[in-house]
Amino acid sequence: MPLLPEDASTFHGRMQIDIRRAMPSDAEALSAVWEVVCGERVYTAVTRPFTPQQERDYILSLSDREGIFVAVFDRRIVGFQSLDLWATYSDAFDHVGLMGTILLPEWRRRGIGRRLAEHTFEYARAHGYEKIVIYVRASNAGAQAFYSRLGFVRRGVLERQAKIDGEYEDEVFMELFL
C-alpha cells in the first residue's frame, strides 16, 4: 500500500516542522531521542533507550500498516509517534492499533504532538484502523490530558503495570474510535 505524502507546514509562523515516516537511516536519531526521554524516568514506562541497531531492526520489522512517524525541525528529529498493530496472532484485532508518542523536552507543548497525531490518525484510517489504544503512566497527568484533548477516552487503570526503579506504577488505558 502506498505511503501518504509527507506533511510539511509552518510551525508558529516561523519554524518548519516536517512529519514523515521513519526510515532505517533514522535509527541513530531515534535512539538519541529515546536516551533523553528514558533518562527523565517520568514520561514513559520504557526505562532503557533502544540502541540504533534495535531501532533499525524495529523499523525494518514493521508491516505496511504500521509505522513510526517523525517530527523533523532543521533536519533534526525532535519527536516521534508509533503506530503498531494491537495483535498479530489473530485477524480479529486488525482494526485496532497501539500508539505511543515521544518528544524531546524542549519540543513539548508546542503543538507537535497534535501534528503527529493528526498524521498518524490519517495514516491509520487509510490503512484500515478503526480504533487506537494507548497506555499512559498514571503519574503522567499531562499526557492523559493531551490524549483526552485528541478525543481519547479513559477506559481503566492497569494496577502495578510498570515497575520502574523498584517502584510500581499504574498505567491508564485509553481508546479512540477513528
query: Counting only heavy atoms not in E167, do more than 12 sit closer than 6.0 Å to its CD atom?
result: no
task: Please test Q81 against Y123 for side-chain contact (heavy atoms from CB on, under 4.5 Å), starting from the C-alpha separation and ending with a verdict.
output: CA-CA 12 Å; Q81 196 163 71; Y123 183 91; over 6 Å; no
- request: Identify the heavy atoms of G67 and L62 that sit nearest to each other, and give their distance.
  value: CA-CD1, 3.8 Å
query: Do L30 and F50 come within less than 4.5 Å of each other through their side chains, counting heavy atoms only?
result: no
Residue pairs passing the salt bridge (charged side-chain N to carboxylate O under 4.0 Å, His left out) test where at least one lies in residues 136-156, sequence neighbours excluded: R137-E169, R155-E175
message: For D26, run the salt bridge (Lys or Arg N to Asp or Glu O under 4.0 Å) check against R56, R20, R75 and tell me which one passes.
response: R20
query: So how far is it from L104 CG to W34 CH2, rounded to the nearest 0.5 Å?
result: 11.5 Å
- prompt: Between CZ of R110 and CZ of F73, what distance do you get to the nearest 0.5 Å?
  reply: 8.5 Å
task: Kindly determine whether E55 and V33 satisfy side-chain contact (heavy atoms from CB on, under 4.5 Å), including the steps that lead there.
output: CA-CA 11 Å; E55 278 295 329; V33 172; over 6 Å; no
- prompt: Which pairs count as side-chain hydrogen bond (donor to acceptor under 3.5 Å, both in side chains) when at least one residue sits in residues 83-96, sequence neighbours excluded?
  reply: Y58-D84
query: If you take all heavy atoms of L60 and P24, which pair is closest and at what distance?
result: CD2-CG, 3.5 Å
message: For F146, does the six-membered ring have the charged nitrogen or CZ of R108 within the cation-pi criterion, i.e. under 6.0 angstrom from the centroid and within 45° of the normal?
response: no
- request: Let me know which of L176, I132, V133 forms a side-chain contact (heavy atoms from CB on, under 4.5 Å) with M99.
  value: I132
- prompt: Do you know which of Y147, F69, F80 makes side-chain contact (heavy atoms from CB on, under 4.5 Å) with T101?
  reply: Y147
message: Count I, L, V, M, F, W, Y as connected when their side-chain heavy atoms are under 4.5 Å apart, and connections chain through other members. Are V96 and I134 then in the same cluster?
response: no
- prompt: Is V42 linked to I164 within one hydrophobic cluster, defined over Ile, Leu, Val, Met, Phe, Trp and Tyr using a side-chain heavy-atom separation of less than 4.5 Å?
  reply: no
message: Tell me whether the count of non-hydrogen atoms from other residues, nucleotides or ligands lying under 6.0 Å of CZ in R160 goes above 12.
response: no
statement: To the nearest 0.5 Å, atom CD of Q54 lies from atom OG of S31 at 8.0 Å
message: Counting only heavy atoms not in E28 (residues, nucleotides, ligands), do more than 12 fall under 6.0 Å from its CD?
response: no
field: More than 12 heavy atoms from other groups under 6.0 Å of CD on E35
entry: no
CZ/R41: more than 12 non-hydrogen atoms of other groups inside 6.0 Å: yes
- prompt: Side-chain contact, heavy-atom cut-off 4.5 Å: S61 with E66?
  reply: no
Atom of L116, atom of A71 and distance for their closest heavy-atom approach: CD2-N, 4.0 Å
message: With rounding to the nearest 0.5 angstrom, report the CZ to CD1 distance, R115 to I19.
response: 4.5 Å
field: Flag side-chain contact, heavy atom, 4.5 Å: Y43 against I102
entry: no
- prompt: Closest approach of A138 and V172, non-hydrogen atoms and distance?
  reply: CA-CG2, 4.0 Å
message: Is there a path of hydrophobic side-chain contacts, each under 4.5 Å between heavy atoms, that joins L158 and V46?
response: no
- prompt: Are any of the side-chain heavy atoms of F93 and L85 separated by less than 4.5 Å?
  reply: no
- line: Tightest non-hydrogen contact, residues G79 and L103, listed as CA-CD2, 3.6 Å
task: For E40, look at atom CD and say whether over 12 heavy atoms of other residues, nucleotides or ligands are found less than 6.0 Å away.
output: yes
- line: d(E130 CD, L178 CG) to nearest 0.5 Å is 8.5 Å
CD on E118 to CZ on R114, rounded to 0.5 Å: 6.0 Å
query: Any side-chain donor-acceptor pair under 3.5 Å between N140 and Q144?
result: no
statement: For A45 and A162 the tightest heavy-atom approach is CB-CB, 4.1 Å
